[in-house]
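Atoms within each ligand, like the ligands themselves, are counted from 1 in listed order.
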Amino acid sequence: MLKIRGLRSGYGRIEVLHDIDLDVPEGEIVSLIGANGAGKTTLLMTICGSPRAAAGEILFEGRDISRKQTFEIARAGIAHSPEGRRIFPRMSVLENLQMGAIVADPSHFGKDLERVLALFPRLKERLAQSGGTLSGGEQQMLAIARAMMSRPKLLLLDEPSLGLAPLVTKQLFENIAEINKAEKTTILLVEQNAFQALKLATRAHIMVNGRIELSGSGAELLNDPAVRAAYLEGARPQTEVGEAAR
Ligand code: ATP
């Protein structure tokens, strides 16, 4: 569904992504993990057209979108739930969801709202509440729900678990699995919670200093000694690391 070849991108004269090749096949959950500053957010933003790719190709369903405007990319079927949630804090939950539907056909708004609220029942009870007064976990649910209002074929999720308590994170990863399975939405997931991201992924990539250093299935990377040493041990409770090794 998404095929990236030889991608270079960055800010002004600073190149952050160096010659990235990456595939996101239809129906899969692909996880991208890496340390702070590796370039994960820059990759998701470049897919959405800002910053623009300096070189290389981003093919979405066979068409090169690397020169398209952000709204055209959204209309083509790619939705982005950005790092730090970026919901509209003074708008109500319902208004935030309406904003997410802006690129969608208005005739199926009611149906899409129902679908998204079934995924996140907590938001249903809070439709009139302003976004900024939601808890961190609820704001993250809203950011994902807003992205889902455009009926995306490909959902880009940037650090959904950032700053959330373990139980809330667990719930959120269940939601992400459900979106992939029930809604048949393909997902590219950027995470620092390497254990959860690898557990969920059909395939995964490790990004280091703007390059893909290692790729494999989620299970392969969970069991890779170098990955475990760098991203899992010490970062997650030992029971989870033990589970990863089995
Ligand atoms: P994190 O997990 O901390 O969000 P990341 O892997 O998502 O890290 P990016 O946010 O993509 O990394 O940042 C990659 C590099 O690009 C960093 O060195 C960062 O300082 C730089 N960078 C990010 N945004 C900008 C910007 N708007 N202008 C200039 N440099 C930027």
Expected list for residues 69-78: side-chain donor-acceptor pairs under 3.5 angstrom, two or more places apart:
| unit_1 | atom_1 | unit_2 | atom_2 | d |
| --- | --- | --- | --- | --- |
| Thr70 | OG1 | Cys48 | O | 2.8 |
| Glu72 | OE1 | Gln69 | N | 2.8 |

Anything under 3.5 Å between a donor and an acceptor, one on a side chain of residues 50-58, the other on a protein residue two or more places apart or in another chain? List them.
| unit_1 | atom_1 | unit_2 | atom_2 | d |
| --- | --- | --- | --- | --- |
| Arg52 | NH1 | Ser66 | O | 3.3 |
| Arg52 | NH1 | Lys68 | O | 3.0 |
| Arg52 | NH2 | Lys68 | O | 2.9 |

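Protein residues are said to neighbour a ligand when one of their heavy atoms lies under 4.0 Å from it; for ligand 1 these are Tyr11, Val16, Ala35, Asn36, Gly37, Ala38, Gly39, Lys40, Thr41, Thr42, Glu83, Glu159, Gln192.
Following chains of ILVMFWY side-chain contacts shorter than 4.5 Å, one can reach Leu123 starting from Phe109, so the two form part of one hydrophobic cluster. With hydrophobic clusters built from ILVMFWY side chains whose heavy atoms lie under 4.5 angstrom apart, Leu134 does not share a cluster with Leu167.
Under the side chain to side chain contact (heavy atoms under 4.5 Å, CB included) criterion, Thr41 pairs with Met45, Glu83, Asp158, not counting sequence neighbours.
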Verdict with reasoning, Ser161 to Glu191, per side chain to side chain donor-acceptor pair (under 3.5 Å): CA-CA 7 Å; Ser161 78; Glu191 256 301 333; 2.9 Å; yes
